[in-house]
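These numbers come from a predicted model, not from an experiment.
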Amino acid sequence: MSSSSSSSSSVVSSSSRSSSLRSSSSRSSSSRSSSSSSSLSSSLSSSSVSSSSSSQSSGAVNYPGLALYQAFNEFANVQFGAQRDPLVYTTFGSTLQSPSNYWEYVSETSASIGFRTNLPAESFIEYGTSQSYGQQSERSDRRYATHLHRLTGLVPGTTYHYRVVIEDERGNRVLGANRTITPTAMPTAIRIPQDMPGGPPYRLTTNGATYLVTQDLVANGTVFDLTAANATLDLGGHTIVYNNRAQNISGDWNTYLDNAAFGIRVMGYPNNLRIVNGMVRQGSGNNAGHRDEAIGFNPIYARVGNNFELAGVEMDYGGPQLIGLYLHWGTGDGRIHHNVFRDRGNVVLNRNGAGSRSMIYRAGSTGGGQVYDNLVKRTRQMGLQANQVYNNEIYIDSYSTNSFGIDRSDNALYRNNRIFGTGYHVVAIGWGKGNIYRNNFIHLAGQGPDFRDAEYGNQESLNGFRLTQYEGSTADYSDNLYELNTILIKGGACTGSTCTEARGIQHSADASIRNNVIRDNVIKVDMAANIRQAAAVVTQGLRDRCGTEAPVIWQGNTLISNIANVRMGDYYAAGCNHRFLQNHLVRIGNRNDYYTFVFDVTWALKDHHMIDASFEGGASLNSVRFLNGGQDFHVGWTLNVRVRSSGQAVSGASISAFDVNNQQIAQGTTDANGRFSTVVTQMIRRQGGDEQKTPTRVVATLGGASVQQTISATETTTLELTF
């Protein structure tokens, strides 16, 4: 692995784009790749194994599901573009910036290059033996912020210059800095197929070896069976096609494991294994994985030991019930980074089994591993999984219930991921215990229910974060922190009477769910005119436990909506005791069915608190829809008391506060600066009328002296008391 760089990047306006870029941008995704994959196309007619000189084949061959994938490309480019909503530019900047966070793996005659962009952009790499370049990698098939390219046809010992070319949807083009790499000869590598006649499958058993693939490979069954430890499998920038002929396999998952085809199968838990630099693609056989465990016909199935690394690899597959990368009962310290997952399928045989995912990481009971800088171009159900998941870009095209962009785990860190989704039932990130969710960007787009699954009928449900306590359960989902995330949900449509649903965050309160804080997030739900079942926040829980829950804390969030900012429960779940502190609620649009607060079910929902709220655009405490008189929420404000004597702060003064009924509601003492703060309730808002709790009487006592004042708590207030 090597990296170096020189010179500065440059920015060119759309009016000065080069002719080569205009030529590239005018071609379709299939025509862009036709020349590079023509030899691979011809090789697919072989009955067992063949090779070609192409190493950049991108999908011109009509693999099963390719049209479905290309249709999703078109949808994603429009619905998830930066111009779709101003919040994208607010979050990532209004100007396309130079590529950053380069990663390089340099092989003998190829290299994998990863980088990021602040805004979604199409990209390719120009490269050559001078800064005139002369060659270019394949252009990306749509706009992304996470990028991986392969450079091929390199000569060992030669220094190559390269620069990244990126272009956003407005036509702004940025040239990255000139960088250099030098591929090195690998004289001790075991070359495939030259040094291993008789495959496939190629059985990689030599500990400490470096295996180097030197040409594209196509097999009806498995390509690689790997058990070697301390080894590297370098795909050499090439494309490996497996399962090119359909197989008839039935039985339990052990039968599938023993007899199914795999791109790469790793057994024996080898330590210090690395797989890098190429593509693993399921061929036209398009077999399904096992119904329950989704084992079989995976691009990569691996039982690995310590220090496993997968980097610079693209996994491309389309069969039913498939998982792209299946890490099964291995190490907890794996590093999965700078890979691409492309799912061309739309069938989930059993979502309650292992389902269909980009990857599954089963590393004992503790999970583990680091998963970062990966691009999931499309998944039909779930995306990524690990205890540290960061800097990934994930696109969900859901065909099943619980399509999580990042699957559920405990004691996990999920940060700086970009998650996009549409379809049957999207949940950007699942739930657990002791997790930190920080600086993630979630953008979900409604297209309307389209009969994708029969489990819950025709639906489209779009959800940012979710934490659900199921009926009868006392599962401990405590100690979670959600902060500095941005959630954007837009659009939607109806099919007959069934319409898109949207929840920015849905979160249960429960006695078993303690110390959960949701703070400093921006949540925007902007739905089409006919969509009603939507809100920035939905407070949930179990209605038969109302009054027993620990509070869920919502603090400092900005909640934006054109239909409802806070929905107090919905048909799925409803509970009590959600505490909203210093949140800013914004109304957008002019729908006449808008309410700031909506009670969506007839159950007696109580003990929600709205404290120090601020409002914009017509959002208001007065904009409430109750369904019956048994529902309420409390409106409160922070009261700051300062006590002075002769101009000096008085510490240790006793403070008591009493409501309109002379009931004591607060008690304490001033601090060293003469200050004391508490929350006082202005009113309890109900359908039949408000129960007023103010004016509030505040008494300060010091020694035998006391001073008092009465105020109306209708906003955040600072009260000065002087002895």
Side-chain angles (χ1 to χ4, degrees), residues 72 76 80 88 91-92 99-103 105 112-121 123 140-149 299-300 308-316 323-327 334-343 356-361 363 367-398 403-409 412-422 426-430 432 435-444 464-465 482 484-488:
F72 180 73
F80 302 128
V88 181
T91 305
F92 297 111
S100 62
N101 299 92
Y102 283 88
W103 170 83
Y105 174 84
S112 289
I113 310 291
F115 55 92
R116 298 183 218 148
T117 54
N118 68 313
L119 295 174
S123 66
S140 59
D141 59 1
R142 69 176 188 264
R143 290 181 288 270
Y144 304 102
T146 303
H147 306 259
L148 179 71
H149 289 269
I300 301 177
F308 173 69
E309 181 180 16
L310 179 75
V313 176
E314 183 170 353
M315 287 146 278
D316 184 347
I323 293 171
L325 170 64
Y326 202 133
L327 293 178
R335 289 171 293 126
I336 315 301
H337 63 95
H338 294 94
N339 302 291
V340 174
F341 299 82
R342 185 169 78 155
D343 181 350
S356 294
R357 313 169 184 231
S358 301
M359 68 169 289
I360 192 168
Y361 196 152
Q370 297 184 58
V371 174
Y372 58 95
D373 285 290
N374 299 286
L375 172 60
V376 177
K377 291 185 172 182
R378 180 183 177 273
T379 179
R380 78 193 81 170
Q381 190 193 15
M382 299 192 196
L384 304 178
Q385 178 187 37
N387 277 63
Q388 294 187 60
V389 184
Y390 54 96
N391 295 332
N392 302 284
E393 185 171 357
I394 303 166
Y395 292 83
I396 311 160
D397 188 16
S398 169
S403 294
F404 298 108
I406 300 175
D407 199 4
R408 297 188 288 178
S409 189
L413 173 61
Y414 305 127
R415 62 175 175 85
N416 297 100
N417 300 287
R418 304 190 191 204
I419 304 174
F420 305 84
T422 191
V426 176
V427 180
I429 303 181
N435 294 333
I436 296 174
Y437 309 82
R438 179 180 293 141
N439 275 317
N440 299 287
F441 179 81
I442 296 166
H443 184 175
L444 310 179
F465 292 121
Y482 306 77
L484 301 170
N485 303 286
T486 299
I487 300 172
L488 171 63

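- In this structure a side-chain-to-backbone donor-acceptor pair under 3.5 Å is missing from S358 to L325.
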Under the side chain to side chain contact (heavy atoms under 4.5 Å, CB included) rule, what do R357 and F404 come out as? Steps first, then yes or no, please. CA-CA 9 Å; R357 313 169 184 231; F404 298 108; over 6 Å; no
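- To the nearest 0.5 Å, atoms CD1 (I300) and OH (Y326) are separated by 15.0 Å.
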R116/E393 under side chain to side chain contact (heavy atoms under 4.5 Å, CB included): CA gap, chis, key distance, verdict: CA-CA 10 Å; R116 298 183 218 148; E393 185 171 357; over 6 Å; no
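- Contact of the F72 side chain with the T422 side chain is registered, since non-hydrogen atoms from C-beta on lie closer than 4.5 Å.
- Residue Q385 holds its CD atom at 10.0 Å from OH of Y361, rounded to the nearest 0.5 Å.
- Heavy atoms only, all atoms of each residue included: W103 and A311 are closest at CZ2-CB, 3.7 Å.
- Distance alone, capped at 3.5 Å, is enough to place a donor-acceptor pair between the N485 side chain and the N440 backbone.
- One distance of note links CD1 of I487 with CD1 of I419; it measures 9.5 Å at 0.5 Å rounding.
- By the salt bridge (charged side-chain N to carboxylate O under 4.0 Å, His left out) test, R418 is found to be paired with no residue, residues two or more places apart in sequence or in another chain being considered.
- The side-chain hydrogen bond (donor to acceptor under 3.5 Å, both in side chains) with N374 is formed by just one residue from the set N417, T146, N392; it is N392.
- Side chain of N391 to backbone of Y372: no donor-acceptor contact under 3.5 angstrom is found.
- Taking R438 as the reference, E483 meet the salt bridge (charged side-chain N to carboxylate O under 4.0 Å, His left out) condition, with sequence neighbours excluded.
- Atom CD1 of I406 sits about 4.0 Å away from atom CD1 of I429, to the nearest 0.5 Å.
- Of all heavy-atom pairs spanning L444 and G464, the tightest one is CD1-N, 3.9 Å.
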Take H149 and F115 through the side chain to side chain contact (heavy atoms under 4.5 Å, CB included) test and state the conclusion after the steps. CA-CA 9 Å; H149 289 269; F115 55 92; 3.8 Å; yes
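- In this structure, R142 is positioned above the aromatic face of Y395, its NZ or CZ under 6.0 Å from the six-membered ring centre and within 45° of the axis.
- Contact check for I442 versus F465: side-chain heavy atoms found under the 4.5 Å cut-off.
- Minimum interatomic distance between R408 and Y414 (heavy atoms only, all atoms of both residues): C-OH, 4.2 Å.
- Across all their heavy atoms, L119 and F92 have their closest contact at CD2-CB, 3.9 Å.
- Listed for the D397 side chain is no donor-acceptor partner under 3.5 Å among the backbone atoms of R380.
- Here the shortest heavy-atom pairing between T379 and S356 reads OG1-O, 4.3 Å.
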I'd like to know whether M315 forms a side chain to side chain contact (heavy atoms under 4.5 Å, CB included) with L310, so could you lay out the CA-CA distance, the side-chain angles of the two residues, the decisive distance to 0.1 Å, and finally the verdict. CA-CA 11 Å; M315 287 146 278; L310 179 75; 3.9 Å; yes
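- Rounded to the nearest 0.5 angstrom, M382 CE and I394 CD1 are separated by 12.5 Å.
- Side-chain contact annotation: S140 with H147, donor-acceptor N/O pair under 3.5 Å absent.
- For residues 382-391, the set of pairs meeting the salt bridge (Lys or Arg N to Asp or Glu O under 4.0 Å) definition, not counting sequence neighbours, is empty.
- In this structure, G114 and H338 approach most closely via the heavy-atom pair CA-CD2, 4.2 Å.
- Atom CZ of F341 and atom CG of D343 lie 11.0 Å apart (nearest 0.5 Å).
- The aromatic rings of H443 and F441 sit perpendicular to each other, their planes meeting at more than 60°, with 30° as the lower class boundary.
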